[in-house]
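Read through the structure below, which is laid out as structure tokens, and then see the notes.
The sequence lines fix the lettering, A, B, ..., with proteins before strands; numbering per chain opens at 1.
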Protein chains: 2
Amino acid sequence: MEEPRKRARPGRVPAPAGRTSRPRQAEVARLAGVSQATVSLVLGARKQGATISEETRRKVLDAVRALGYVPDPAASRLAAARNNLLGVFSFTSTFPTDVQHSYYPFLVGVEQEAAARGYDLVLFTGSSTGGAGAAGPNALARVRLADGCLFLGRHAPAEELRRLVADGFPVVHLGRRDELEGLAWVGADYISASQEVVAHLAALGHRRIVLVREDDEAPASTDREHGFLKGLEEAGLPGGPAAVFRSADPERELTAERLRGWLDEGVTAFVAEETDTGDAWRALHGAAHFVGIDCPRDASLALLGSPPPDLAEEPVPTGFDIPRPQLGAAAVRMLAALVSGEEAAEPLVACTFRPGSTAGPAPARY
Amino acid sequence: MEEPRKRARPGRVPAPAGRTSRPRQAEVARLAGVSQATVSLVLGARKQGATISEETRRKVLDAVRALGYVPDPAASRLAAARNNLLGVFSFTSTFPTDVQHSYYPFLVGVEQEAAARGYDLVLFTGSSTGGAGAAGPNALARVRLADGCLFLGRHAPAEELRRLVADGFPVVHLGRRDELEGLAWVGADYISASQEVVAHLAALGHRRIVLVREDDEAPASTDREHGFLKGLEEAGLPGGPAAVFRSADPERELTAERLRGWLDEGVTAFVAEETDTGDAWRALHGAAHFVGIDCPRDASLALLGSPPPDLAEEPVPTGFDIPRPQLGAAAVRMLAALVSGEEAAEPLVACTFRPGSTAGPAPARY
DNA sequence: GCGCATTACTAATACGCATTAGTGATCCGG
DNA sequence: CCGGATCACTAATGCGTATTAGTAATGCGC
């Protein structure tokens with residue numbers, strides 16, 4: 001009646017001749033002369049009071065080191081435990097050929113913070129290039145292998161994200177994202193930063209300030225406008241629609257005439273928002289140059305963010321910098337908090353004011 | 001004798017009240033009126049010829065859709081005895097603050113190739129910052145949670161690498177590394193590339209060519225010299241020690257006098273190797289400029305590699321480019337081959353010749 | 001010196017899926 | 001019309017770990 005239990009499974013390659021396969025807890029147990037369960041107890045972060053003698057613990061740990069044992073992440077997860085892996089998912093390639101568009105600056109902080117907290121990172125690439133889970137409707141499912149996952153970029157499909165969140169899987173989105181109920185995110189505090197820039201200009205004596213923004217409903221844009229207007233209000237300056245120039249194509253619509261018009265109306269400072277393309281700043285910068293404005297003598301310019309690479313050589317714009325590494329780190333902190341069930345961490349990261357050289361005292365009127 | 005099999009496991013949260021946890025294959029099977037195995041067969045990419053009727057397949061797929069079934073990656077990978085994870089280990093931080101020193105260009109290719117082959121990447125950092133596995137003497141042990149691991153940079157401790165290799169753990173080193181028996185690596189084919197550059201110069205009529213190299217025993221250096229000499233030989237030009245100028249500090253030792261001496265001896269072309277610092281090229285470039293050489297009219301210059309960033313603006317040097325993304329991709333291919341037990345892939349990656357503008361026809365003699 | 005704790009383990013089992021060895025049907029050739 | 005082949009599917013089992021119920025072995029109080 002004895003069934004042959006140890007028969008080799010045909011589908012499995014029995015490790016290339018002579019080589020030992022990766023060690024399992026069972027092998028550690030054998031070497032230490034204990035049971036597999038004991039190995040698990042020694043290694044695990046005991047929740048209940050299972051007591052292990054010092055002697056046994058030492059034997060097990062020695063065996064672990066001797067064999068170079070490392071727990072299998074899939075098995076840990078299946079058994080409802082942690083595996084100390086945090087996922088990083090980007091819908092587009094994490095390392096695009098064009099460095100400019102990469103998430104590199106964020107990853108700097110992500111890697112550091114993750115390492116500091118004892119997590120390793122798993123890169124899930126969900127791009128059209130194929131990806132491990134094909135590009136099917138469940139491209140995001142793979143991330144469940146990790147303890148939690150960070151999402152980069154605004155392209156993460158809402159439906160699948162919602163599903164992960166609904167299942168209680170720890171998820172953090174890098175970049176504000178309110179429309180998805182229950183989705184945790186971290187983002188830059190554009191409101192305060194924009195407000196600070198306006199305060200700076202006001203302190204320099206500017207009394208009329210105009211914001212140039214693109215036609216965009218992203219939170220990043222509306223937040224800046226919000227902060228801008230708040231800054232005006234705090235300084236007791238005129239706000240309202242007249243203070244905001246909104247254009248879908250600023251490079252064409254922000255004409256020299258329009259700029260002269262503003263100057264004639266007494267506007268002495270201009271603020272542009274930062275966008276992917278940097279068009280608002282480019283347009284503002286170009287028009288000012290065209291009109292022959294000597295900046296910051298005749299008028300001041302400020303940029304709510306960083307300049308596009310092609311304008312990086314120009315005099316440093318007054319404005320603020322988005323601390324990308326810190327954002328990445330904050331995202332990891334929040335994810336770690338979710339994973340371990342702690343209280344959620346702070347979602348907003350402060351931007352740093354950049355004095356720059358495009359803003360100066362308001363010119364004397366007339 | 002009946003054991004209570006379905007008793008709830010205390011450690012598990014029984015899905016937030018009301019909401020059912022996500023479906024399993026078993027539930028799909030129940031709904032479709034088939035067995036769990038059948039569901040697995042329908043969903044899996046059958047390797048063996050298990051045949052399923054169209055009728056059944058449809059029922060299963062309908063049930064899958066109806067329940068919103070998504071496979072659990074932990075279970076899949078555990079059962080398949082394959083995590084589909086490739087490790088990427090760098091001794092220094094994978095994402096240093098200074099992008100210049102990063103492995104970014106390699107990672108571009110690594111990510112693409114890994115994604116195309118269905119692998120996800122696990123990032124391991126061996127720096128002192130810790131990572132999940134502390135920095136102990138077994139810092140490398142953690143990479144075993146992946147199916148195999150790629151090593152970047154020459155700092156990977158030999159002893160531990162040897163251990164991994166000896167244990168049969170699939171390892172690939174990015175960059176040639178012969179001293180470690182059995183270590184698989186991929187590297188650029190500097191020999192052929194250097195040879196090609198010499199051939200190009202010879203075809204332009206140059207009859208005496210000198211190589212400027214630093215004092216370094218790295219394979220990357222010796223390979224270039226090897227290819228350089230081979231190129232001379234093929235072209236029937238004078239080689240030997242006189243054709244190679246080796247210096248630990250070329251910027252000081254490659255003086256104007258020395259350069260003039262070579263020119264007087266009839267040397268019309270100079271080749272520098274690329275190094276971390278780019279000193280050989282910088283020295284050569286500087287001396288030529290100092291002596292007042294009109295390049296490429298009076299003499300030709302070539303660089304065996306890419307110029308350092310600070311000299312990137314100068315006229316593009318004739319030479320070759322190291323296809324870093326391709327190198328990364330080749331490394332992944334080799335690692336994938338090792339993991340799946342296939343035949344090893346090609347370790348050498350061809351460099352691409354870069355015409356540049358610093359080499360031209362040899363000047364008429366006298 | 002007997003019951004009851006406590007200590008230090010081990011046996012058994014579940015997690016969700018993939019794989020394979022069956023197992024009835026049905027078909028086919030001679 | 002019978003032995004074998006093919007088809008379509010299911011039962012059973014294993015992957016590696018975490019958890020818990022159980023079990024000897026000892027200690028302790030009265």
**Message:** Could you measure the distance from the CG atom of Leu107(B) to the CG atom of Leu121(B)? Nearest 0.5 Å is fine.
**Reply:** 8.0 Å
**Prompt:** So what does Val39(B) hit on the nucleic acid, given a heavy-atom distance under 4.0 Å: a base, only sugar-phosphate, or nothing?
**Reply:** nothing
**Fill in**
With sequence neighbours left out, the residues meeting ring-ring contact (aromatic ring centres under 6.0 Å, His included) with Tyr69(A) are none
**Prompt:** Quick one: on DNA chain D, does Ser35(B) or Thr38(A) contact a more 5' nucleotide (nearest heavy atom)?
**Reply:** Ser35(B)
**Request:** Could you check how far CG of Leu145(A) sits from C1' of dG16(C), rounded to whole Å?
**Result:** 13 Å
**Request:** Could you tell me which residues satisfy side chain to side chain contact (heavy atoms under 4.5 Å, CB included) with Leu183(B), sequence neighbours excluded, listed by chain and number?
**Result:** Leu161(B), Val165(B), Val171(B), His173(B), Arg177(B), Leu180(B)
**Item:** Any residue meeting side chain to side chain contact (heavy atoms under 4.5 Å, CB included) with Ser76(A), in chain and number order, not counting sequence neighbours
**Value:** Pro71(A), Asn83(A)
**Request:** Identify, with sequence neighbours excluded, every residue that meets side chain to side chain contact (heavy atoms under 4.5 Å, CB included) alongside Glu181(A).
**Result:** none
**Message:** Nearest whole Å is fine: how far is dC15(D) P from Asn84(B) CG?
**Reply:** 19 Å
**Request:** Please confirm whether the backbone N or O of Val39(B) pairs with a side-chain atom of Gln25(B), one donor and one acceptor, at under 3.5 Å?
**Result:** no
**Request:** Give Ala37(B) one of three labels, base, sugar-phosphate or nothing, depending on what nucleic acid heavy atoms sit under 4.0 Å from its own.
**Result:** base
**Message:** Strictly distance-based, threshold 3.5 Å: is any side-chain N or O of Asp147(A) a donor or acceptor partner for the main-chain N or O of Asn84(A)?
**Reply:** yes
**Request:** Say whether, by atom type as modelled, one donor and one acceptor occur between the side chain of Arg77(B) and the main chain of Leu85(B) under 3.5 angstrom.
**Result:** no
Show me the donor-acceptor pairs, under 3.5 Å and distance only, between side chains in residues 327-339 of chain A and residues at least two apart or in other chains.
none

**Asked** Distance-only, no hydrogens or angles: does the Asp72(A) side chain make a donor-acceptor pair with backbone N or O of Ala74(A) under 3.5 Å?
**Response** yes
**Asked** When the distance from CG of Asn83(A) to P of dG16(D) is rounded to whole Å, what number comes out?
**Response** 16 Å
Output one line per pair: protein atom, nucleotide atom from nucleotides 6-8 of chain D, and distance, for all N/O pairs under 3.5 Å.
residue, atom, partner, partner atom, Å
dA8(D), OP2, Thr51(B), OG1, 3.4

**Any donor-acceptor pair under 3.5 Å from Arg144(B) side chain to Phe169(B) backbone** = no
**Request:** For Leu78(A) and dA18(C), give me the distance from atom CG to atom C1', rounded to whole Å.
**Result:** 13 Å
**Message:** For the helix from dG1(C)-dC30(D) to dG30(C)-dC1(D), what angle separates the axis at the start from the axis at the finish, each from five pairs, in steps of 10°?
**Reply:** 50°
**Message:** In this structure, how many angstroms lie between the C1' atom of dG14(D) and the CD atom of Gln36(B), rounded?
**Reply:** 12 Å
Check nucleotides 22-28 of chain D for protein N or O atoms closer than 3.5 Å to its own N or O atoms and list the pairs.
none

**Request:** State which residues pass side chain to side chain contact (heavy atoms under 4.5 Å, CB included) with Ser35(A); sequence neighbours excluded, sorted by chain then number.
**Result:** Ala37(A), Thr38(A)
**Message:** Can you list, in residue-number order, the parts of residues 25-33 of chain A that come under 4.0 Å of DNA chain C, counting heavy atoms only?
**Reply:** none
**Distance in angstrom units between Glu54(A) CD and dC9(C) P, rounded** = 10 Å
**Asked** For Leu41(A) and dT10(C), what is the distance between atoms CG and C1' respectively, to the nearest whole Å?
**Response** 10 Å
**Request:** Could you pull out all residues at least two apart from Phe151(A) that satisfy ring-ring contact (aromatic ring centres under 6.0 Å, His included)?
**Result:** Phe89(A)
**Sequence-distant partners of Gln326(B), side chain to side chain donor-acceptor pair (under 3.5 Å), two or more places apart** = none
**Request:** Measure from CG on Leu43(A) to P on dT17(D) and round the result to the nearest Å.
**Result:** 9 Å
